[in-house]
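Everything on this sheet refers to the single structure shown next.
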Amino acid sequence: MHGKNHLEFLKEEVESLKKQNLFNALPVLESEQQARVRLNGKDVITLSTNNYLGFANHPRLRKAAIEAIHKWGFGTGAVRQIAGTMKIHMDFEEQLARYKRTEAALVFTAGIAANRGTIQCLFDEGDVIISDELNHGSIIDGVRLTKAGRKIYPHKNTDELKKILSESNGFRRRLVVTDGVFSMDGDTAPLDQIAELCQQYDAILMVDDAHGDGVMGKDGRGTASHYKVDGLVDIDMGTLSKAFGCLGGYIAGVQELKDYLTNRARTFIFTTAHPPAVVAACTEAIRMVQDEPQHLQNLWKNTKHFKQGLIDLGFNTGNSETPITPVIVGESSLAQQLSAELFKEGIFVKPIVYPLVAKDKARVRTIVTAQHTKEDLDTALEAFGKVGARLKIISQQ
Ligand SMILES: *Cc1c(COP(=O)(O)O)cnc(C)c1O
């Protein structure tokens, strides 16, 4: 039976996105996720994944997942509160808490679910949430789901943060929330200073370390560990979807935090448990980051080499301190051109333009992984040099 199309209006909406240059078609992989991929029908070197340690297709993770399927089957068939929690979920959370050096950890199906559910259930009218202006969209979503007051401080500006804290005594609970590593610039939050302010002003500190997990600190324990303030983060949020090559978000902290979220976080209660294969792969990833230090070493070796290469070519790489290195070119159209021309040369980097970043700060964002070889990176640098000069972003070599 054919009815009227009640969604006719979407044609116009999509057209309007296209006109504003805000429409993105999905790039499609025809290979595993790794340094060299087949994407949109072309063999390219990708510098666009969060697969920092190269775990996404690692044999140890594959094997763990397959064994879990044999032992536990594929699906879990229920939300965790009803009947979906298997022993493998509980064991993994214990392992994760030990790794993060916290009392407990709770896994959500994704990082976005962890942020939304946690912020939503812990804060309400009479509370205030104080947030860095460049925090991730999933934090912003979480804040929007509460009736708490909200204050935004300029990026990494601890003087402004201090001022807001000193002027916000009247609230019931105060939360300071920040990304550990910022995903568009690859810079880090000054967690040593932020943690000290939270101690001084009795504010709850939440760090979203989606891009710091598995990348920063000893054994990839994260940005708080890098700044030596692990013990001062009250709500330690991270993801298993990026460096660990799997899928999932988590909250680590005191046992009561886990107990409360288990019973109150809507994004935990109303969604089906992770398949055992995912949990087994996560378990193996946390093991691997500790017993095979070479991945983290390669990641940082590659980061140094590639970042220096871009700087030597004359590109503006901003204030990056991590494997995320932006190549800032200014106009949106120039970033799009740079990305398109690099793709023709066999290099895949996504343009990041307004409204994701300021209008005059359009860029392509590069992310190296432990899996890239020196040859991969040198090939990419050569292409950057060639295309950058052709588009007059850098002077002729
Ligand atoms: C990617 C990301 C998330 C979401 O994590 P998923 O597991 O992919 O849902 C949350 N916060 C930040 C800062 C991120 O970069």
Side-chain angles (χ1 to χ4, degrees), residues 26 33 47-53 55-56 61 89 92-93 96 100 105-120 129 131-145 152 155-156 175-191 194 205-217 220 222-224 226 233 235-252 261 265-268 270-275 278-279 281-282 285-286 320-326 350 352 356-357 363 365-367 369:
L26 296 175
Q33 189 65 276
L47 293 167
S48 294
T49 79
N50 304 314
N51 182 24
Y52 292 103
L53 297 172
F55 284 6
L61 269 70
H89 293 97
F92 174 58
E93 286 173 340
L96 187 57
K100 294 296 292 185
L106 182 69
V107 175
F108 292 71
T109 43
I112 189 168
N115 273 337
R116 285 183 176 172
T118 301
I119 297 173
Q120 180 183 25
I129 299 173
S131 177
D132 186 291
E133 66 177 337
L134 294 189
N135 276 346
H136 190 257
S138 56
I139 296 177
I140 297 168
D141 282 7
V143 175
R144 284 182 180 154
L145 290 169
I152 311 293
H155 185 45
K156 293 174 51 161
L175 173 73
V176 174
V177 57
T178 180
D179 285 15
V181 172
F182 291 89
S183 55
M184 295 301 157
D185 292 271
D187 54 348
T188 64
L191 289 183
I194 293 175
L205 175 58
M206 175 170 180
V207 175
D208 172 345
D209 217 12
H211 285 278
D213 268 337
V215 173
M216 304 293 292
T223 312
H226 169 78
V233 179
I235 305 175
D236 195 337
M237 181 271 171
T239 165
L240 302 153
S241 323
K242 290 179 174 144
F244 298 126
C246 303
L247 177 66
Y250 69 85
I251 298 285
L261 294 177
R266 298 174 67 83
T267 56
F268 179 83
F270 296 118
T271 194
T272 301
H274 266 167
V278 171
V279 187
C282 290
I286 297 297
S320 164
E321 306 158 65
T322 66
I324 301 172
T325 307
K350 284 291 274 185
I352 311 264
L356 278 180
V357 293
R363 65 200 58 193
R365 181 179 61 165
T366 70
I367 303 180
T369 72

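A quick note: this is a predicted structure, and the numbers were derived from the prediction, not measured. As the structure lists them, so they are numbered: ligands from 1, and atoms in each ligand from 1.
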Per-atom contacts of ligand 1 with S138, taking only distances under 4.0 Å to non-hydrogen atoms: 10 (C), 11 (N)

Rounding to 0.5 Å, atoms CG (L134) and NZ (K156) come to a distance of 10.0 Å

Is there a donor-acceptor pair under 3.5 Å between the side chain of S241 and the backbone N or O of C246? no

Nearest heavy-atom pair of Y250 and L96: which atoms, and what distance? CG-CD2, 3.5 Å

Which ligand 1 atoms does D208 reach within 4.0 Å, using its non-hydrogen atoms? 10 (C), 11 (N), 12 (C), 13 (C)

Kindly confirm or rule out an N or O of S183 lying under 3.5 angstrom from an N or O of ligand 1. no

Output the distance between atom CZ (F108) and atom OG1 (T271), rounded to the nearest 0.5 Å. 10.5 Å

Show the numbers, then the answer: is there a side chain to side chain donor-acceptor pair (under 3.5 Å) between T369 and N51? CA-CA 6 Å; T369 72; N51 182 24; 5.8 Å; no

What is the nearest protein non-hydrogen atom to atom 6 (P) of ligand 1, stated with its residue, atom name and distance? G111 N, 3.3 Å

Establish, from distance only, whether the side-chain atoms of D187 and H155 form a donor-acceptor pair under 3.5 Å. yes

Nearest non-hydrogen protein atom, atom 15 (O) of ligand 1: K242 NZ, 2.5 Å

Taking distance alone, with no angle check, do I112 and ligand 1 share an N/O pair under 3.5 Å? yes

Only heavy atoms of G248, strictly under 4.0 Å: list the atoms of ligand 1 that pass. 7 (O)

Taking the minimum heavy-atom distance to atom 12 (C) of ligand 1, which of M237, M184, H136, H211 ranks first? H136

Which of the atoms in ligand 1, numbered in the order shown and given with their element, are less than 4.0 Å from a heavy-atom of S241? 6 (P), 7 (O), 8 (O)

Please indicate whether any nitrogen or oxygen in D179 is less than 3.5 Å from any nitrogen or oxygen in ligand 1. no

T109 (side chain) donor-acceptor with G249 (main chain) under 3.5 angstrom: no

